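Values below: all heavy atoms of this structure, side chains included; hydrogens, waters and symmetry mates excluded. Just so you know, residue 1 is the first one in the sequence shown, and it goes up from there. In this text, all values refer to a predicted model and were calculated from it rather than measured experimentally. All ligand and atom numbering here is 1-based and tracks the order in the structure.
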Amino acid sequence: MSVSVVIHGAAGRMGQTLCSLAKADPELTLAGVVDRSGSEERLAVWGCPMGSDLGEVLKQAPGAIVVDFSSPEASVGVARTVAANGAGAVIGTTGLTDEQQAALRGAAATARLFWAPNMSVGVNVLLKVLPELVAKLGPAYDLEITEIHHNKKADAPSGTAIKLGQCIADARGWKLEEKGNFARHGIIGPRPKEEIGVMTVRGGDVVGDHTVYFFGPGERIEVTHRAHSRETFAQGALRAAKWLSTQQPGKLYSMSDIF
Ligand code: NAD
């Protein structure tokens with residue numbers, strides 16, 4: 001049986017990739033596309049119910065899972081809409097504030113909701129193995145993260161860099177909010193031992209690079225993930241949509257629940 005999906009943010013970079021992959025997947029039905037008004041031309045090519053009002057499009061796609069890659073405010077709206085009408089949603093938007101993340105968790109009490117700042121298999125496996133690396137190398141190693149993205153990206157650092165930072169901070173028994181350094185400038189002096197630098201680079205059409213550095217005495221390890229195309233994120237989100245269609249509301253699911 002195929003799973004119906006409605007793509008929210010369908011005119012965007014991720015949205016268009018999601019639409020073409022969903023259309024080509026025999027296990028999925030592209031049941032609707034939603035974006036801001038003014039995007040009609042880009043939505044019409046998919047030949048399915050379309051519009052700028054998710055609630056209205058969902059009336060024509062009952063039981064569909066919404067796949068949302070839009071903006072933080074819009075994603076909170078998606079969570080509230082699906083909570084009100086019993087649908088489910090996979091959200092990939094990054095840059096959500098603590099309040100917006102809390103709103104997603106609140107909506108997840110009554111709606112099937114999934115949120116992950118990085119849907120690629122590679123990054124999610126990396127999140128599983130990093131704690132072991134941190135533990136095995138020990139406290140002598142300085143931990144740093146760099147991320148590079150295209151020049152249109154709205155938020156910094158990337159949601160993935162934050163997630164990687166939280167992962168290695170947890171492994172040290174630290175909190176990223178307390179130990180993270182997100183910008184260095186001027187006479188900064190020696191690097192504090194209990195610090196994780198999370199640095200941002202922007203330019204060109206880079207889909208997404210992340211490196212975690214372990215700087216030790218006389219050596220360093222660099223673990224790098226490079227996304228070659230947006231398809232890796234879109235495939236992960238569509239896999240999550242299929243998985244979510246068989247789940248119950250009650251918690252805000254993420255990639256670690258699938259693996
Ligand atoms: P984009 O700007 O190309 O596309 C966003 C789309 O959402 C646009 O078409 C915009 O019109 C639409 N949108 C915004 N607000 C809306 C609203 N209120 N109602 C309807 N449509 C609305 O951006 P993108 O590169 O596709 O990225 C989108 C988001 O996904 C970003 O937050 C990005 O960081 C994130 N992202 C996540 C992953 C992941 O694996 N989780 C991967 C890549 C990108």
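Using a non-hydrogen distance threshold of 4.0 Å, Ser71 registers as a contact of ligand 1. By the 4.0 Å heavy-atom criterion, Lys152 is excluded from the residues contacting ligand 1. Heavy-atom distances between Thr93 and ligand 1 reach below 4.0 Å in at least one pair. Using a non-hydrogen distance threshold of 4.0 Å, Lys153 registers as a contact of ligand 1.
Ligand 1 has a nitrogen or oxygen under 3.5 angstrom from a nitrogen or oxygen of Gly92. For ligand 1, none of its N or O atoms has an N or O atom of Val34 under 3.5 Å away.
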Report the C-alpha separation of Gln101 and Leu252 in whole Å, then their side-chain angles, then the decisive distance to 0.1 Å, and conclude whether the side chain to side chain contact (heavy atoms under 4.5 Å, CB included) test is met. CA-CA 10 Å; Gln101 293 178 36; Leu252 182 58; over 6 Å; no
Would Leu176 and Phe182 satisfy side chain to side chain contact (heavy atoms under 4.5 Å, CB included), going step by step from the backbone distance to the final call? CA-CA 10 Å; Leu176 185 66; Phe182 299 93; 4.2 Å; yes
Which is it for Thr211 and Val223 under the side chain to side chain contact (heavy atoms under 4.5 Å, CB included) test, yes or no, and what are the steps along the way? CA-CA 5 Å; Thr211 299; Val223 184; over 6 Å; no
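Side-chain atoms of Ser4 and Thr29 form no donor-acceptor pair, as typed in the model, at a separation below 3.5 Å. Between the side chains of Ser120 and Thr232, not a single donor N or O lies within less than 3.5 Å of an accepting N or O. Between the side chains of Ser52 and Ser37, no donor N or O sits under 3.5 Å from an acceptor N or O. Ser158 and His210 share a side-chain donor-acceptor pair at under 3.5 Å.
Given atom 29 (C) of ligand 1, the protein heavy atom at minimum distance is Ser70 O, 3.8 Å. From the protein, the heavy atom lying nearest to atom 39 (C) of ligand 1 is Pro117 O, 3.4 Å. Among all protein heavy atoms, the one lying closest to atom 33 (C) of ligand 1 is Thr94 OG1, 3.7 Å. Shortest contact from atom 26 (O) of ligand 1 to any protein heavy atom: Met14 N, 2.8 Å. If you check which protein heavy atom lies closest to atom 4 (O) of ligand 1, you get Gly12 CA, 3.3 Å. At the top of the distance list for atom 2 (O) of ligand 1, counting protein heavy atoms only, stands Arg13 NH2, 3.6 Å. Scanning the protein heavy atoms around atom 38 (C) of ligand 1, the nearest turns out to be Phe69 CE2, 3.5 Å. Distance from atom 8 (C) of ligand 1 to its nearest protein heavy atom, with residue and atom name: Asp35 OD2, 3.6 Å.
Ser20 is listed as a side-chain neighbour of Trp46, based on a closest heavy-atom distance under 4.5 Å.
Each of the following atoms of ligand 1 lies closer than 4.0 Å to a heavy atom of Ala11: 9 (O). Of all the atoms in ligand 1, the ones that sit under 4.0 Å from a non-hydrogen atom of Gly9 are 6 (C), 7 (O), 12 (C). Listed by number with element, the atoms of ligand 1 under 4.0 angstrom from any heavy atom of His8 are 19 (N), 20 (C).
Tested against His149 for a side chain to side chain donor-acceptor pair (under 3.5 Å), the candidates Lys153, Glu147, Lys152 yield a single pass: Glu147.
The residues Glu195 and Lys179 are annotated as not salt-bridged, no charged nitrogen and carboxylate oxygen being separated by less than 4.0 angstrom.
Checked against the 6.0 Å centroid threshold, Tyr253 and Trp115 do not count as a close aromatic pair.
Among Ser52, Pro72, Ala74, the residue whose heavy atom sits closest to atom 17 (C) of ligand 1 is Ala74.
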